[in-house]
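Here is the structure we will look at.
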Amino acid sequence: MADIVDKWGWAVAERGFAQIPNYLLLLNSFLDDEKRLTPVEMLVLLQLVGSWWQKDNLPFPSMATLAKRAGVSERQVQRAVTRLVKDEFIAKVKRRNQGIIASNAYDLAPLVTLLEQVAKAFPNEFPRAVKRRREPPANIKELSETVTDDIPARPRRRKPIF
């Protein structure tokens, strides 16, 4: 969160943030012309990804919510979702709340699979130079032997002004 606060400021970071894979942002450059997403379809897809906070909890924003967030009509969202489901970018899951039909949930597993395939077919041309340890050092000696020349120092966390 400290990195987000440093980049965007406390007021923006406090509202939350979404992790969007770069392969998703660049997805149209990897797809055939007939499979490319329209701007509205991409915007709806990004809104769904932004609503997916935990792996095991599918996002379930209503059509009205997606339309408001994307700045388009509900009908445009309906068409975009229909296309995303038809072309297997996402899957719709029916939900019920105490027996009453609720807004659909959206399974993004097809998108995850697609992005994994894209990543294998088009490896990252610009990998990060930063190499971080996956496991903490076992002891002080191992810590002192760690090469950190390629790891930039992390800025100290700032306290909010108010």
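- Under the 4.5 Å side-chain contact rule for hydrophobic residues, Val93 and Phe60 do not share a cluster.
- The only option from Leu58, Val49, Asp107, Leu108 that meets the side-chain contact (heavy atoms from CB on, under 4.5 Å) definition with Ile90 turns out to be Leu108.
- Hydrophobic cluster membership is shared by Leu48 and Leu31, with clusters built from Ile, Leu, Val, Met, Phe, Trp and Tyr side chains linked at under 4.5 angstrom.
- At a threshold of 4.5 Å between side-chain heavy atoms, the hydrophobic network of Ile, Leu, Val, Met, Phe, Trp and Tyr places Ile20 and Leu84 in one connected group.
- Going from atom CD of Glu41 over to atom CD of Gln76 covers 10.5 Å, rounded to the nearest 0.5 Å.
- Closest heavy-atom contact between Ser103 and Ser62: CB-CA, 3.9 Å.
- Here the closest non-hydrogen pair linking Ala91 and Pro110 is N-CG, 4.2 Å.
- Of all the heavy atoms in Tyr23 and Pro123, the pair that sits closest is OH-C, 3.5 Å.
- Asn124 is not listed as a side-chain neighbour of Asn22, based on a closest heavy-atom distance of 4.5 Å or more.
- For Gln78, the CD atom is densely surrounded, since the number of other residues' heavy atoms within 6.0 Å is greater than 12.
- Going from atom CG of Leu66 over to atom CD of Glu74 covers 9.5 Å, rounded to the nearest 0.5 Å.
- Within the model, atoms CZ of Phe89 and CE of Met42 stand 8.0 Å from one another, a figure rounded to the nearest 0.5 Å.
- Between Val40 and Ala80, the shortest heavy-atom contact is CG1-CB, 4.2 Å.
- Of the inter-residue distances, the one linking Lys94 atom NZ with Asn104 atom CG reads 5.5 Å to the nearest 0.5 angstrom.
- The line from CG of Leu115 to NZ of Lys120 is 12.5 Å long, rounded to the nearest 0.5 Å.
- Within the 4.5 Å cutoff, side-chain heavy atoms of Val112 are placed close to those of Trp52.
- Looking only at atom types and distance, the side chain of Arg83 has no donor-acceptor partner in the side chain of Thr38 under 3.5 Å away.
- Grouping the Ile, Leu, Val, Met, Phe, Trp and Tyr side chains by contacts below 4.5 angstrom, directly or via other members, places Leu46 apart from Val12.
- Hydrophobic clustering (side-chain heavy atoms under 4.5 Å, transitive across Ile, Leu, Val, Met, Phe, Trp, Tyr) groups Phe122 together with Leu24.
- Of the possible polar contacts, none joining the Asn28 side chain to the Arg36 backbone as a donor-acceptor pair under 3.5 Å is found.
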**Asked** Would Val77 and Gln47 count as a side-chain contact (heavy atoms from CB on, under 4.5 Å) if you check the C-alpha gap in whole Å, the side-chain angles of each, and the deciding distance to 0.1 Å?
**Response** CA-CA 11 Å; Val77 170; Gln47 289 298 328; over 6 Å; no
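- Phe30 CZ to Leu114 CG: the interatomic distance, rounded to the nearest 0.5 Å, is 10.5 Å.
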